Amino acid sequence: EMFSAPKPVLPLLLQTVVGILGNFSLLCSYIVLHFMGYRLRSTDLILKHLIVANSLVLLCKGVPHTMAVFGWKHIRSDVGCKLLFFLHRVGRGVSISSIFLLSVFQVITISPWNSRWAVLKVTAPKYVVLSVFLCWLLQMLVNVIFPFHMTGKWSDRNITGEKDFGYCFSIVTDKTEDALYAALLLFPDVLCLGLTLWTGSYMVLILYRHKQQVQHI
């Protein structure tokens, strides 16, 4: 299932509160540094969008699930239910994409000047804003169909098949259609995770080679 049932109240509440406070404090620190005139690195923009995406996930999933645990399980507005799930999916996708982007720019930064990545050292920072914008746009386009499969519990629609997620319903349609839809949603995430694993392994290889080269110093 794309959304699990509400967890026990104490761990869920702790995760939500700590997550929101942690992301909010990091975002505030970047705002303070900006107004103090500090020059931020190009990867800091990716980190700021990662913070925003994580906050969306926490607010759109953690808070409603926490409220569901305390007994408030019904979102009266069908539009509100669709919007919550859409923003959660977009935030989750942008979070995964931002981690991938961050690992790519880190590889470019630490790569030696005689490697194939060296040519990108100068040009890559110019495309950070475009890359982050494309991450948001791609996730919005991929997940735009998602709200049509969700409905609030107070909706007047006549639903024959549904999955209960505590405060909203997921409309169950044809199994083949569901499988294709799930594959469409999972493909960008799986691709980003696979490429992140590859770039992470490449960074470890670069650092290992560098350690071998400077052992005699």
Side-chain angles (χ1 to χ4, degrees), residues 1-7 11-31 42-69 72-73 75 77-106 128-152 163 165-171 181-197 199:
E1 293 181 349
M2 295 177 188
F3 293 84
S4 57
K7 300 177 182 178
L12 181 62
L13 184 61
L14 183 63
Q15 290 176 20
T16 303
V17 172
V18 173
I20 291 175
L21 290 177
N23 282 278
F24 182 74
S25 62
L26 286 173
L27 187 60
C28 287
S29 66
Y30 275 113
I31 294 174
S42 57
T43 53
D44 288 328
L45 177 62
I46 302 175
L47 287 172
K48 285 189 282 187
H49 281 268
L50 179 59
I51 293 170
V52 173
N54 288 339
S55 300
L56 269 181
V57 174
L58 288 167
L59 291 173
C60 296
K61 184 180 180 182
V63 173
H65 274 224
T66 303
M67 296 172 68
V69 168
W72 193 78
K73 297 185 178 181
I75 297 179
S77 172
D78 188 50
V79 176
C81 177
K82 294 177 184 293
L83 183 62
L84 275 179
F85 274 77
F86 174 72
L87 291 177
H88 170 264
R89 287 293 311 181
V90 171
R92 178 180 177 276
V94 172
S95 179
I96 296 174
S97 303
S98 298
I99 294 173
F100 162 64
L101 280 179
L102 186 62
S103 63
V104 169
F105 281 97
Q106 286 175 334
V128 171
V129 175
L130 178 61
S131 300
V132 172
F133 172 76
L134 288 177
C135 283
W136 285 97
L137 181 61
L138 174 64
Q139 293 301 326
M140 288 180 181
L141 291 176
V142 169
N143 292 285
V144 71
I145 311 174
F146 195 83
F148 295 100
H149 289 256
M150 304 302 302
T151 184
K163 292 181 182 178
F165 291 111
Y167 50 92
C168 286
F169 283 130
S170 171
I171 304 170
Y181 180 62
L184 173 65
L185 290 176
L186 289 175
F187 177 74
D189 295 347
V190 172
L191 180 63
C192 286
L193 288 173
L195 292 174
T196 302
L197 180 62
T199 53

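Predicted, not measured: the structure shown is a model, and the values here were computed from it. Just so you know, these numbers use all the heavy atoms, side chains as well, and skip hydrogens, waters and symmetry mates.
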- Task: Output yes when a side-chain donor or acceptor of S97 lies under 3.5 Å from a complementary backbone atom of V94, and no otherwise.
- Result: no

- Kindly say whether G91 contributes a backbone atom to a donor-acceptor pair with the side chain of S95 at under 3.5 angstrom? no

- Message: Using side-chain heavy atoms (C-beta onward) and a distance below 4.5 Å, is W136 in contact with M140?
- Response: yes

- Are side-chain heavy atoms of R92 and L56 found at a separation under 4.5 Å? no

- Nearest 0.5 Å please: distance from the CG atom of L58 over to the CG atom of L21. 10.0 Å

- Task: Heavy atoms only: give me the nearest F105-T43 pair and the separation to one decimal.
- Result: CB-CG2, 3.8 Å

- Query: Which pair of heavy atoms, one from G93 and one from D189, lies closest together, and at what distance?
  - Reply: CA-OD1, 4.1 Å

- Just how far is it from atom CG of L26 to atom CG of N54, taken to the nearest 0.5 Å? 9.5 Å

- Find the distance between CG (L50) and CG (D44) and round it off to the nearest 0.5 Å. 12.0 Å

- Task: Can you measure from CZ (F100) to CG (L195) and round to the nearest 0.5 angstrom?
- Result: 4.5 Å

- Note on the structure: dist I96:CD1 -> L191:CG (nearest 0.5 Å) comes out at 11.0 Å

- Check R89 against Q139 and note the closest heavy-atom contact, atom names and distance. O-OE1, 4.4 Å

- To the nearest 0.5 Å, how far apart are CD1 in I46 and CD1 in I51? 12.0 Å

- Does some side-chain heavy atom of V52 sit less than 4.5 Å from a side-chain heavy atom of K48? no

- Please tell me if the side chains of I99 and C192 come closer than 4.5 Å, counting only heavy atoms from C-beta onward. no

